[in-house]
Amino acid sequence: MKYWLIKSEGSCYSIADLQKDGTTAWTGVRNYQARNFMRDEMKVGDLVLFYHSNGDTEAPAGIYGIAKVSGLAHADMTAFDPKDEHYDARAAELNVDGKAPVWVCADVAFMRAFDKPVSLAEIKLDPKLSGMLVAKRGQRLSVMPVSEKHFRRIKELRP
DNA sequence: GCCAACGTTGGC
DNA sequence: GCCAACGTTGGC
């Protein structure tokens with residue numbers, strides 16, 4: 001079993017949206033490294049920290065809850081939809097009957113939302129969370145692995 | 001294959 | 001809104 005962190009702008013798709021939807025296809029990832037994590041390593045049952053980026057003082061950037069991988073990576077249809085904000089003309093051209101999608105998405109299911117997020121500031125201050133990728137300077141991956149140790153610590157902070 | 005220019009992300 | 005960091009593009 002692996003552990004992950006996925007990022008979303010809270011104003012775009014929040015943990016509350018996931019709670020409402022139950023499950024969602026994690027579409028819109030347009031970075032090869034992030035895609036490869038989803039396509040090659042994410043397995044059903046893996047646990048996922050749900051991170052909101054671009055926060056403000058009211059709702060700071062940080063981890064807002066926990067989700068679970070509920071479906072293996074499959075074609076991200078938003079890449080083929082010219083009306084979608086994540087449309088990728090080149091990927092659409094390369095695609096043959098949906099058989100060779102450039103972009104994929106795994107499905108994630110809501111598990112729980114934290115009463116209070118574990119903010120980025122809190123992550124940086126906690127010695128037991130040192131080395132967490134998300135707190136690394138310049139780290140912009142929207143899907144990234146999390147160590148079991150760090151995952152357990154997050155759960156310990158929000159039991 | 002190098003690298004400058006550009007666009008995007010995301011913390012502050 | 002600023003700007004540093006990074007990925008991608010495209011000229012050569």
Side-chain angles (χ1 to χ4, degrees), chain A residues 2-21 24-42 46-67 69 73-96 98 100-108 110 113-147 149-151 153-155 157-158:
Chain A
K2 288 198 169 70
Y3 302 92
W4 304 97
L5 180 146
I6 58 177
K7 281 184 194 171
S8 175
E9 291 190 31
S11 58
C12 181
Y13 191 86
S14 69
I15 188 80
D17 292 322
L18 181 60
Q19 182 164 19
K20 180 161 55 70
D21 294 345
T24 195
W26 202 248
T27 59
V29 172
R30 296 293 179 267
N31 169 284
Y32 289 104
Q33 210 183 337
R35 177 205 67 180
N36 292 346
F37 281 136
M38 277 201 292
R39 187 189 62 188
D40 305 332
E41 296 192 46
M42 265 193 184
D46 285 358
L47 294 172
V48 180
L49 299 174
F50 197 102
Y51 183 91
H52 289 189
S53 59
N54 285 324
D56 51 41
T57 46
E58 293 236 332
I63 298 163
Y64 276 70
I66 298 178
V69 176
H74 52 89
D76 180 348
M77 300 311 287
T78 65
F80 307 141
D81 178 2
K83 292 189 296 292
D84 192 278
E85 71 170 309
H86 296 295
Y87 175 61
D88 181 343
R90 200 158 62 168
E93 195 179 328
L94 284 171
N95 183 56
V96 183
V102 173
W103 301 116
V104 298
C105 52
D107 298 322
V108 296
F110 175 83
F114 297 153
D115 294 336
K116 180 170 171 276
V118 181
S119 70
L120 183 59
E122 196 175 346
I123 291 169
K124 285 178 173 169
L125 281 172
D126 189 331
K128 290 192 177 169
L129 293 176
S130 78
M132 245 189 123
L133 274 181
V134 73
K136 284 229 172 89
R137 174 183 178 77
Q139 179 52 265
R140 303 188 317 183
L141 276 179
S142 59
V143 175
M144 64 176 78
V146 171
S147 72
K149 183 181 86 158
H150 290 151
F151 187 87
R153 178 59 177 161
I154 295 294
K155 279 184 55 165
L157 290 170
R158 295 294 182 274

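Order of the sequence lines sets the chain letters (A, B, ...), proteins ahead of strands, with each chain counted from 1. Everything numeric in this text was worked out from a predicted model, so none of it was measured.
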Separation of [N] [atom2] from [X] [atom1] (nearest whole Å):
| X | N | atom1 | atom2 | answer |
| --- | --- | --- | --- | --- |
| A/Asp56 | B/dG11 | CG | C1' | 12 Å |
| A/Leu120 | B/dG11 | CG | P | 6 Å |
| A/Met144 | C/dC6 | CE | P | 12 Å |
| A/Glu85 | B/dT8 | CD | P | 11 Å |
| A/Leu141 | B/dT9 | CG | P | 13 Å |
| A/Arg30 | B/dG7 | CZ | C1' | 16 Å |
| A/Asp88 | C/dT9 | CG | P | 9 Å |
| A/Lys124 | B/dG11 | NZ | P | 8 Å |

_Partner of A/Thr78 under side-chain hydrogen bond (donor to acceptor under 3.5 Å, both in side chains), chosen from A/Arg30, A/His86, A/Glu85_ =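 By the side-chain hydrogen bond (donor to acceptor under 3.5 Å, both in side chains) criterion, A/Thr78 pairs with just one of A/Arg30, A/His86, A/Glu85: A/Arg30.
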
*Determine whether more than 12 heavy atoms belonging to other residues, nucleotides or ligands lie under 6.0 Å from atom CG of A/Asp115.*
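No - once you tally the heavy atoms of other residues, nucleotides and ligands closer than 6.0 Å, there are 12 at most.
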
*Look at all strands and tell whether A/Arg90 reaches a base, only sugar-phosphate, or nothing, counting heavy atoms closer than 4.0 Å.*
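Result for A/Arg90 = sugar-phosphate.
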
*How is A/Lys136 classified with respect to the nucleic acid when contacts are heavy atoms under 4.0 Å: base, sugar-phosphate, or nothing?*
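Result for A/Lys136 = nothing.
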
*Step-by-step side chain to side chain contact (heavy atoms under 4.5 Å, CB included) determination, A/Phe151 to A/Ile66*: CA-CA 10 Å; A/Phe151 187 87; A/Ile66 298 178; 4.1 Å; yes

*Please check the phosphate of B/dT9 (OP1 and OP2 only) for any side-chain N or O of A/Lys7 closer than 4.0 Å.*
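Answer is no, no contact under 4.0 Å.
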
*Point-to-point distance, once rounded to the nearest 0.5 Å, from CD of A/Gln19 to OH of A/Tyr64*: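 With rounding to 0.5 Å, CD (A/Gln19) is 14.5 Å from OH (A/Tyr64).
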
